[in-house]
Amino acid sequence: MPALDWQGVLTGQPLQWILSGFLTTLWVTLAGALVASLLTLACLGLRLTGGRLGTAVVAAWVSLFRNTPLLVQLLFWYFAAWNGLPQAFRAVVMADHPWSVLPGNVWWFTPEFLCSAWGLGVFTSAFLTEEVTAGLRAVSSGQREAALAQGFSSWRLLRHILLPQGLANAWQPVVGQYLNLMKLSSLASGIGFAELTYQVRQIESYNAHALEAFSVGTALYLLTGIALGLLLTKLGPTPARRRKTNTELRSEEPC
Amino acid sequence: MFSGLFSSSAADAADFAHLAQASVTFCDVVKRYGDRPVLKGINLSVTPGEVVAILGPSGSGKSTLIRLINQLETLTSGEILIDGKPTRQLSRRALRQLRSRVGFVFQQFNLYSHLTARQNITLALEQVHGWPSAQAHTRADALLSQVGMADKAEQYPDTLSGGQQQRVAIARALASSPQIILFDEPTSALDPEMIGEVLLVMKALAHSGITMIVVTHEMQFAREIADRVVFIDGGQILEVAPPEQFFQHPSHPRARRFLQKVLNPLHQDAV
């Protein structure tokens, strides 16, 4: 087994690449998660209030993006859909904008970043929609009726009664989907997006430190996954059961 | 939003923000689930401030009858007038307005399980009626005292007993000061020793000006508090009478059999 040379990865140009790639992965994960969350909310709203047509549109959306490979989807957005956008818009995106630079010198207003975030968001929204729907179904229909009887509109019913409980019910699978999004961002290297995996491969072709470079890349994904998982679990809604035991301990009387 | 501007139909223009007369009138109301008829032509007028008890065996259609009033179920044919105005073809907005003026208490309480007792009451005040949160808070606490639950304001529904949950549910139904309140077997899911506390809250509410329609199996409530008893079986109203008359001299044979079974379950044959 050859001796490992960490210096060849953790100094100079390779280190620059790794840091830049890592930050890019973090930013595109954040943007993708935002897109996924908004699209999921839209799908849920449409499913709840859109009648038969709305339900059919959501079913088609889920079916299309859940049953095709993400890499194919990313290639489609980048090579096909992007070129279908108006020339004027594409020209604006291609131009340099000072406000496009995120901390860590990551440029977000570029075709690669936008297509990656959009593609990851769309893909993840298909899974999130079904998982949150399952969580919503676990909310008793009696509470739904109670809210309707009080004059809640469909949107407020979703926002204040169904979603807080549905998200709490489905939170662990939902966290899993956001973690998937982070890991699947590695596929965006396929459209030349300079995130962590892309940069790690670049080191390999630069000084042939493949084992070291991929080890560092793997460690960074692992650490990010653990940190993100802990953070989302902590930030997530408290399930009713856990909360109940707290109150019970205080109010329970010996019988 | 715009449908209101261009619509000329009286039903769409109906304003249920305040009811001049909290009356409910059923006109030839028919409800079918598929081919199965549940209500076969109901005619009934409930006057403002009246307390009406609806009695009848299980499956007689009595729950469906009150669920039609705030349209948790939709009519098959006929019409229900509230405040003298037809309610069958309301816009979504008008329906929400109507629902917010009609309180509904469920058999299974149906409290929002992710919210405390107080939040269960403030939520609709803030989100449907647009109250500022401080005012909603004060109103909720007043209602919770009214039903004897002031000390449980911070508790979640799953830490409350059935009777306590139902009292909170009644307070929630009263939050928007409705002029009509509907009870769908409010004590049927309760342990026997908890029925009293809920009935006492309902008794305090009766004859306070609010129109009450109560589907119940509590004969004592019907006898002591109701102004009128409506007996339903097989989707039809078989008898409408003041309670003393209904309980002492029921005129319909089906009502006599029902009372015999309910009041004297161990001696069903001795009529």
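Throughout, a chain's letter reflects where its sequence line sits, starting with A, and its residues are numbered from 1. As a basis for the values below, the full set of heavy atoms in this structure was taken, side chains included, without hydrogen atoms, waters or symmetry mates. Computed from a predicted structure; not experimentally measured.
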- Item | Test item: His114(B) side-chain N/O and His160(A) main-chain N/O as donor-acceptor pair under 3.5 Å | yes
- Note on the structure: Ranking Pro178(B), Ala173(B), Ser176(B), Ala124(B) by heavy-atom pairs under 4.5 Å to chain A gives rank one to Ala124(B)
- Write out, in numerical order, the residues from residues 120-156 of chain A with a heavy atom short of 4.5 Å from a heavy atom in chain B. Gly142(A), Gln143(A), Glu145(A), Ala146(A), Ala147(A), Leu148(A), Ala149(A), Gln150(A), Gly151(A), Phe152(A), Ser153(A), Arg156(A)
- Query: Considering only heavy atoms, which portion of Arg67(B) lies under 4.5 Å from any heavy atom of chain A: side chain, backbone, both, or neither?
  - Reply: side chain
- Item | For Asn110(B), side-chain hydrogen bond (donor to acceptor under 3.5 Å, both in side chains) partners two or more places apart | none
- Looking at Arg101(B), His129(B), Arg172(B), which has the largest count of heavy-atom pairs under 4.5 Å with chain A? Arg172(B)
- Portion of Gln108(B) that has a non-hydrogen atom of chain A nearer than 4.5 angstrom: neither
- Message: Return the OG1 to CZ distance between Thr49(A) and Arg92(B), rounded to the nearest 0.5 Å.
- Response: 7.0 Å
- Item | Toward chain A, the part of Val105(B) with a non-hydrogen atom under 4.5 Å | neither
- Item | Tyr112(B) portion near chain A, given a 4.5 angstrom heavy-atom threshold | both
- Item | Which portion of Leu182(B) sits near chain A, non-hydrogen atoms under 4.5 angstrom | neither
- Note on the structure: Comparing Leu98(B), Val102(B), Leu95(B), Leu72(B) against chain A, the one with the most heavy-atom pairs below 4.5 Å turns out to be Leu72(B)
- Message: Can you confirm whether Arg90(A) is buried at CZ, in the sense that more than 12 heavy atoms of other residues, nucleotides or ligands lie under 6.0 Å from that atom?
- Response: yes
